[in-house]
Each structure stands twice: as structure tokens, then as C-alpha cells.
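Here's the structure we're looking at; comments come further down.
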2 protein chains.
Amino acid sequence: MSPTPQVKRLQPVDVSAQTTKTRILDAAEELFMEHGFEATSLRLITTAAGVNLAAANYHFGSKEELFQAVLTRRLDPMNRQRMDLLESFEAAAGGHTLSCDKILSAMFIPALKLARDKETGGQNFLRLLGRAYADPAPFIRDFLSQQYHEMIARFRTAFAKALPHLPKDELSWRLHFVMGALSYTLAGSDVLKMIAQYQPDEADNDELLLSRLAPFLAAGLMAPATTSGSVHQMFQEAG
Amino acid sequence: MSPTPQVKRLQPVDVSAQTTKTRILDAAEELFMEHGFEATSLRLITTAAGVNLAAANYHFGSKEELFQAVLTRRLDPMNRQRMDLLESFEAAAGGHTLSCDKILSAMFIPALKLARDKETGGQNFLRLLGRAYADPAPFIRDFLSQQYHEMIARFRTAFAKALPHLPKDELSWRLHFVMGALSYTLAGSDVLKMIAQYQPDEADNDELLLSRLAPFLAAGLMAPATTSGSVHQMFQEAG
DNA sequence: AAAGAGTTCAAACGTTTGTTTGAAACTAGC
DNA sequence: GCTAGTTTCAAACAAACGTTTGAACTCTTT
């Protein structure tokens with residue numbers, strides 16, 4: 001059942017098996033991004049990868065497992081980078097608490113690095129990730145929830161120190177908004193046409209994007225806590 | 001081909017045709033929300049609606065047109081309400097420019113009203129809408145882009161007056177972030193588990209949610225304009 | 001060169017998909 | 001009570017889906 005090979009060939013490092021696997025992963029990443037999970041067939045993926053249809057099931061077991069493999073390949077290292085970066089920032093700050101901007105940058109910079117690494121097709125991946133966040137499929141939601149759990153918890157405590165005046169639940173909400181704006185923005189690209197008057201055409205799109213998103217979110221995070229019933233009041237006024 | 005009946009029966013208003021249509025729309029709304037467009041089959045919808053499978057194609061033509069009908073039914077009135085409300089706010093303010101909060105409330109209140117109208121199943125719809133925003137299908141993106149175009153343009157000019165210091169393109173980005181956070185938040189519900197420590201269980205979830213989102217976004221909108229290269233600098237520092 | 005594990009391949013599996021069909025059922029107007 | 005138009009229904013359509021199969025093939029190891 002399990003095609004995982006034993007540790008044998010140490011010297012020659014037979015990459016032929018990995019090239020097929022990698023070709024499938026690359027093609028799947030691009031096509032899942034373009035059409036979503038449900039609308040992308042294994043036949044489309046294997047044809048684009050130039051491999052046999054059965055190779056997908058042979059190497060990954062099922063379509064769902066393939067999708068998870070696509071996500072894990074880049075998500076895992078990125079989230080580890082985020083936590084490492086946050087830790088190094090905290091170490092560098094000594095006893096001082098980090099600013100919101102600094103914590104936010106620990107979230108953004110690894111994403112930015114991934115987006116820039118064109119050799120690994122990172123730009124496609126961030127969009128795929130953004131879409132996966134909004135996907136209704138339970139196995140995707142559960143998988144992401146599990147993948148992000150540690151990182152989110154780590155950043156929540158960091159933000160809690162930076163924003164001591166903020167109630168715990170309010171902070172949870174705002175973290176939710178931050179993740180939402182981030183993933184939605186990454187997923188967007190063509191939704192932008194709906195709003196922006198011009199389409200930026202440079203390759204360093206993502207740096208520009210995050211450099212505008214970061215201050216926006218930092219300001220939102222640092223806003224004073226919600227006065228209870230403010231929207232309720234407005235709602236009454238508008239009848 | 002076109003099953004659209006001529007305007008004939010004026011008095012009795014035969015609702016039997018509309019009940020089938022409405023039953024399909026209601027079931028489709030709920031199932032599309034739960035499983036997404038691709039993963040929801042017409043058989044699932046028609047079975048849930050208690051109608052014959054062929055009725056979906058008879059009344060709506062195709063699955064895509066049914067989906068658009070589901071969206072239009074509520075989206076159209078909501079966006080019109082948003083624009084009307086904004087206009088009435090501007091009229092009430094006389095010559096004075098509106099605050100960001102006030103403009104934001106003109107966007108939120110109609111959504112809130114829709115969410116509250118339980119008889120029309122509005123809560124389900126907002127989630128469906130949020131997910132549709134992130135859907136890769138071109139026909140969905142094109143449809144939404146067209147549906148939102150007028151409203152977005154209207155609110156952009158309103159925000160431009162409220163934030164005269166902000167460059168035009170920066171405002172476009174921020175509007176994008178606002179729409180993103182809003183739609184993502186509405187789509188979320190269970191993504192919340194990833195972040196929040198507790199799950200609010202009250203029925204007026206949405207009012208609570210928007211009352212926390214609004215100040216967050218208002219603060220983001222009112223943040224000073226991006227200093228060029230701020231993230232770039234951070235990126236360099238972090239290596 | 002023989003053996004054997006790992007991989008690729010064409011072909012087929014049984015389901016499920018959106019859509020179409022033509023007859024039956026229903027609802028008016030005359 | 002017949003007729004015409006609208007709606008419902010069971011049945012079938014071709015196409016596409018994820019997955020499985022068993023034989024061919026490619027290697028390294030002995």
C-alpha cells in the first residue's frame with residue numbers, strides 16, 4: 001500500500017521518482033489555484049504534468065491527499081519561518097515588548113519571501129492558499145486549522161503583549177480580521193479589477209501589496225476597543 | 001426555449017410556478033453555501049427542494065444561471081439599499097463631508113439588515129456571498145464584478161472626500177482590503193475556531209461581528225499614507 | 001544475468017455529473 | 001368541456017469523474 005521507499009540508495013539519489021512527484025505537485029499547484037479543488041480533475045493535472053493518470057493516485061493515494069501535499073510543501077516551512085522570525089525579534093528586543101508593526105512583519109515577511117521565490121512558484125501558491133481559506137470542503141478547513149493552530153497561538157500571545165489594553169476576545173476578532181484581509185488579498189489579484197483603477201504590472205506586486213496592507217492592518221489592530229453598541233446605535237438611527 | 005411567461009394573469013397571480021422556483025432558490029442558497037458551487041449537484045438541490053430534477057433546468061436554464069439567480073435575488077436589493085443609505089447620509093449632512101465610520105455604516109447596515117431578516121434566510125446568504133468572492137470560477141467573478149461595479153464606484157468617491165489626504169491608488173487598495181475583510185469575515189463562521197478562543201453562540205452574532213469589524217476597518221482606512229519602502233526596509237533587516 | 005522492488009502505462013471500473021426528452025398533469029380562457 | 005399554454009415527471013443521454021487493475025518497464029542489487 002505505502003509506496004514510501006526504504007532508505008537505501010544513499011549515493012546516487014535517484015531523483016526520477018521525485019521528478020514525477022514534483023511535476024505532479026507543480027502542475028497541481030497551478031491548476032488548483034486557477035480552478036479550485038473541485039473543478040480541477042486529476043486528468044487535467046496529470047496531462048499538464050506530462051505523466052500518466054494513475055501516477056497521481058500511486059504517489060499520493062487520493063486527490064484529497066494530493067491537495068494536502070500541495071499545501072504542506074510550502075505552508076509548513078513558511079509558518080515555521082514566521083515563528084522563528086518572531087522569536088528572533090523578541091530576542092533582539094530584550095525585555096521590551098514588540099510593536100504591532102514588528103509582529104505583523106514577522107507574519108508578512110516569510111509570505112513575501114515565498115512570493116518572491118519565483119523558482120518555487122511561490123506566487124501561485126499564495127493565491128492558492130488564500131482561496132483554500134474560503135473553501136467549504138471540510139477536509140481543507142480541518143487541515144488548515146490544524147496547520148495554523150500553533151502559529152496563530154504564538155502570534156496571539158505576542159499581540160496580547162503589544163496591545164495590553166485590548167480585551168482578549170476583541171484581540172481574537174482582530175486577529176481573525178487580519179488573517180482574513182491577508183488571505184483574501186493574496187487570493188485576489190483579479191478581484192482587484194473590481195476596485196482599483198489601474199492594474200499594477202510590476203513583478204514585485206506582492207511587496208507593494210503587503211507594504212500597503214501592513215499599515216492598514218496595524219492601524220486596525222491598534223484602534224481603541226469597541227464601544228459597546230456603537231453599530232447597534234447606528235443601526236437604530238438608519239432605521 | 002425561454003420559459004419566461006408573458007404578462008397575462010393579472011388578478012389571481014398564480015404563485016404555484018413561483019413556489020417551485022422559490023423552493024429551488026432556497027434549497028440552492030443553503031446548499032451552495034454549505035458545499036460551494038462545484039460540489040453541489042442539481043440532484044442534491046432538487047431533492048432538498050422536493051421538486052423534480054428537470055425543474056431546475058426548466059426554470060433557470062442551467063446550473064450557472066441558477067447560481068446567479070441565487071445571488072441576484074438578495075444582492076441586488078442590498079447594494080441598492082447601500083447606495084440609497086449613503087445618499088441619505090450625504091443629504092442629511094448638508095455640505096459637510098461624511099466621516100469614514102458613517103460611510104462604512106452605509107455599507108454594513110444593509111448587510112446587517114439582510115443577515116437579521118431570518119425569514120428570508122439572509123444569514124446563509126451572506127456566507128454564500130463571502131465564499132463566492134473567493135471562488136475561482138470566471139463566471140462568478142465576472143458576475144460579481146458587474147454586480148458591484150456601481151456600488152463600489154459610488155463609495156470610492158465618498159471615501160475620497162472623507163480622506164482627501166490619501167492618494168487615489170492607496171484608497172483603491174484600502175477599499176480592496178475593506179471588501180476583503182468584510183467578505184472573508186462573513187464567509188468565515190467556522191474559520192473562527194482557528195483563532196477565537198470561544199465561539200459566540202448568540203443569534204445576533206452578525207451585529208456583534210460587524211460592530212467589531214467596523215472600528216477595525218475605520219482605523220485602517222484613516223491610517224496615514226504608506227511611507228514608501230517601509231516593508232522593504234523591514235524585509236532587508238530580517239534578511 | 002537473474003531477481004526483485006519501484007514505477008509507469010493503457011485500459012477499464014462503477015458513479016456521478018448537467019442536461020435533454022417526450023409524455024403526462026395541470027391550469028386557465030372560451 | 002374542449003383547447004392551448006404552462007408546468008411536472010420518470011427516464012435516459014453522453015460525458016467526465018476518482019480510482020483500480022495487471023501487465024510492461026526500469027532500475028539497483030546480488
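No experiment lies behind these values; they were computed from the predicted model shown. Here is how names work: the chains are called A, B, and so on, in the same order as the sequence lines, proteins then strands, and each is numbered from 1.
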Using the side-chain heavy atoms of [X], tell me which of these nucleotides is nearest: [options].
X	options	answer
B:Tyr58	C:dT7, D:dT8, C:dT19	D:dT8
B:Ala54	C:dG18, D:dC9, C:dA11	D:dC9
A:Leu42	C:dA10, D:dC9, D:dG18	D:dG18

query: Contact class for B:Thr40 (heavy atom, under 4.0 Å): base, sugar-phosphate, or nothing?
result: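 Here B:Thr40 touches the backbone only, sparing every base.
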
[X] side-chain N/O to [Y] backbone N/O, donor-acceptor pair under 3.5 Å:
X	Y	result
A:Thr40	A:Leu31	yes
B:Arg156	B:Ser172	no
A:Arg154	A:Met83	no

Report yes if at least one side-chain N or O of [X] is closer than 4.0 Å to OP1 or OP2 of [N]; otherwise report no.
X	N	result
B:His59	D:dT8	yes
A:Ser41	D:dA16	no
A:Thr20	C:dT8	yes
B:Ser62	C:dG18	no

Without decimals, in angstroms, what is the distance between [X] [atom1] and [N] [atom2]?
X	N	atom1	atom2	value
B:Leu66	C:dT19	CG	P	10 Å
B:Asn57	D:dA12	CG	P	18 Å
B:Lys63	C:dT20	NZ	C1'	17 Å
B:Asn52	D:dC9	CG	C1'	5 Å
B:Ile45	C:dT17	CD1	P	11 Å
A:Leu53	C:dC13	CG	P	15 Å
B:Ile24	D:dC9	CD1	P	10 Å
B:Glu38	D:dG18	CD	P	11 Å

field: Beyond-backbone contact of A:Phe155 with A:Tyr148, side-chain heavy atoms, under 4.5 angstrom
entry: no

query: In terms of the nearest nucleotide of DNA chain D, which residue is placed more toward the 5' end: B:Val51 or B:Arg43?
result: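 The residue closer to the strand's 5' end, by nearest nucleotide, is B:Val51.
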
- prompt: Around B:Glu38, counting heavy atoms of other residues, nucleotides and ligands shown, do more than 12 lie under 6.0 Å from its CD?
  reply: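 Count over threshold, so yes.
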
